[in-house]
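From a predicted model like this one, the values you see are computed outputs, not experimental measurements. Note on naming: letters A, B, ... go to the chains in the order of the sequence lines (proteins, then strands), and numbering restarts at 1 for each one.
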2 protein chains.
Amino acid sequence: MSNTSKREQLIQAALTLFCEKGFHAVGTDAIAQHSGVTKKTMYHHFKSKDELILAVLRYYDERFRNDFMRAVEGKAETPRERLLAVFDVAEKWFAKDNFYGCLFVAAAGEYPEPDTPIRHTCKEFKGLMQKYIEGLATQAGAESPEQLASHLLLLLEGAITLAQIHASPQTASQAKEAAKVLIQDAIKR
Amino acid sequence: MSNTSKREQLIQAALTLFCEKGFHAVGTDAIAQHSGVTKKTMYHHFKSKDELILAVLRYYDERFRNDFMRAVEGKAETPRERLLAVFDVAEKWFAKDNFYGCLFVAAAGEYPEPDTPIRHTCKEFKGLMQKYIEGLATQAGAESPEQLASHLLLLLEGAITLAQIHASPQTASQAKEAAKVLIQDAIKR
DNA sequence: AAATGAGTAGACTAATCGGTATACTCATTG
DNA sequence: CAATGAGTATACCGATTAGTCTACTCATTT
C-alpha cells in the first residue's frame, strides 16, 4: 500500500531534518520537500506538526532500541559482559558522523512543557532503556539489579550528552571504566 | 549607568523565556516586551538574536558555576565530602519548580552545528565544571583526579538529563550512591 | 550652548511559520 | 461504469519571524 510508504518517507525525512537542525528550526515546507511529498498529503497522514513529531519519536524509539539491543547481544555472550558491551556500542554510535546526541533529550529541551505527549514519549524511552539494562543486571546476578541499572544508565546518559557537546566519542570508554567498578561492586560472587 | 541595566534586563528576560520555552520558540518581540525594552534598544545592545543568546549563555555560565561552587563549599568541609556534596546541591537544583535541565545541553540541541560560538560556549562550560571537580579530586587525594572527575561528571550529567525527563530529583541521590563507590575505589588510603 | 548617545514608540520589511483550499490525475474497488 | 480515496501542484491564509527605520525625548559631556 502506498499509504505506509508515504508515511515512512515523511517520517524518515523529518527524522533526518530534525537531527540536523532541531525541531523548531525545521518547517513543514522543508519536510514536505525533502520527503518528496506534498503538504496536502502530509497533512492527510498527520493532522499537525506535533503529531508528525510524535510519530518520528515513536519510529526512532523502536528502531533505536532494537538496533542497540541487537548490537549489544552481538558483541558479548554473558550478561555481565553485555553490561559492559553497552558502552562499546555507545562509542560506535558516538563516532558516527551524523551523531547528534539523544533525540529524546533534544525533544525534551525544545518542548519543556511537562505532561505533553511528546514528553511522555521521551520518558517512556528512557524507562525502556532502564528496563533493558535492568534485565541484563538481573541475569548477571546483581544484588540490586534496579540500582545497578540506574547507575549504569546515569553513566550512559552522561556519556551521550558529553560526547555530543565535546564531539568526542571517548566519553563512552570513560563511562565503561566507571561501569566496571560499579559492576564489580554490585555483583559479589 | 543605564547601559548595563538595560543589558541585564534583556539578558535576564531572555534567560527566563529561553528556559520556559526554548530558544527558537521565543521571538525577539517577546524578549523585548518581557524585558520592558524596545526592539531598537535591544538591537543596539546585541546586533543579532544569536549574540543575545551568546550573552545569555555567558551570563548563566558565570552565575551558575559561582552559585554551584559556593553551595558545595557551604555544605561540606573536606574535599572528599565535597565531591559527594556536589550531588546534594544538584538534588536541590533539580527540585526547584523552575528546573528545566541544563541550559547548555538545550542550546547544543537547538544549535546542532558544531564549531559555532554557541557550541563553543557550551563546551567551555562543561570543561570548567570538569576542572572544578578535578580540583576537588586532587585535594581529596585521588590517584587519578582527572579520571575520577570524568566519572563523577558523567554521573552528574546523566542525573541532570534524567531528572529533567522524569521530573524527579531523586536521580541525584542515585548518582550520589554510585559516586560513593567510585570515590572509594579511586582514593585508596 | 551644542553635540552626542542611549533611550522611547511604533510602523515597516521580506521571509517564513503552520495549516488550508482549489482543481486536478489516477488507480482501486464495488 | 461510477465512486472513492490517495496522490499531485500550487496558490493562499493570517500570524509571526528576525531585523530596520523614522522621528522623537532626555541626560551627559564637551
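- Straight-line distance from the CZ atom of B:Phe46 to the C1' atom of C:dG7: 15 Å, rounded to whole Å.
- Regarding B:Ile53, its CD1 atom lies at a distance of 9 Å from the P atom of D:dG19, rounded to whole Å.
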Pairs under 3.5 angstrom, nitrogen or oxygen only, protein versus nucleotides 19-26 of chain C, please.
unit_1: C:dG19; atom_1: OP2; unit_2: A:Tyr43; atom_2: OH; d: 2.9
unit_1: C:dG19; atom_1: OP2; unit_2: A:Lys49; atom_2: N; d: 2.8
unit_1: C:dG19; atom_1: N7; unit_2: A:Lys39; atom_2: NZ; d: 2.4
unit_1: C:dG19; atom_1: O6; unit_2: A:Lys39; atom_2: NZ; d: 2.6

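- Checking the phosphate oxygens (OP1, OP2) of C:dG18, no side-chain nitrogen or oxygen of A:His24 falls inside 4.0 Å.
- A ring pair (Phe, Tyr, Trp, His ring centres under 6.0 Å) with A:Phe104 is found for exactly one of A:Tyr60, A:Phe23, A:Phe18, namely A:Tyr60.
- B:Leu52 places its CG atom 10 Å from the P atom of D:dG19, with the value rounded to the nearest Å.
- Rounded to whole Å, the distance from NE2 on A:His44 to P on D:dA9 is 17 Å.
- Between the CZ atom of A:Phe23 and the P atom of C:dC17 there is a distance of 16 Å, given to the nearest Å.
- Rounded to a whole Å, the CD atom of A:Gln9 is 8 Å from the P atom of D:dT8.
- Ring-plane geometry between B:Phe99 and B:Phe94 is classed as tilted, the angle between the planes lying from 30 to 60 degrees on a 0 to 90 degree scale.
- Between the NZ atom of A:Lys6 and the C1' atom of C:dA27 there is a distance of 14 Å, rounded to whole Å.
- Counting only N and O atoms by type, the side chains of B:Arg119 and A:Gln164 include no donor and acceptor under 3.5 Å apart.
- In this structure, A:Gln33 atom CD and D:dT10 atom P are separated by 12 Å, rounded to whole Å.
- Defined by atom type and a distance below 3.5 Å, a donor-acceptor pair is present between the side-chain atoms of B:Tyr59 and B:Gln12.
- Between A:Tyr111 and A:Ile53, the shortest heavy-atom contact is OH-CD1, 3.2 Å.
- Side-chain contact between B:Met69 and B:Val72: absent, with no pair of heavy atoms (C-beta onward) separated by less than 4.5 Å.
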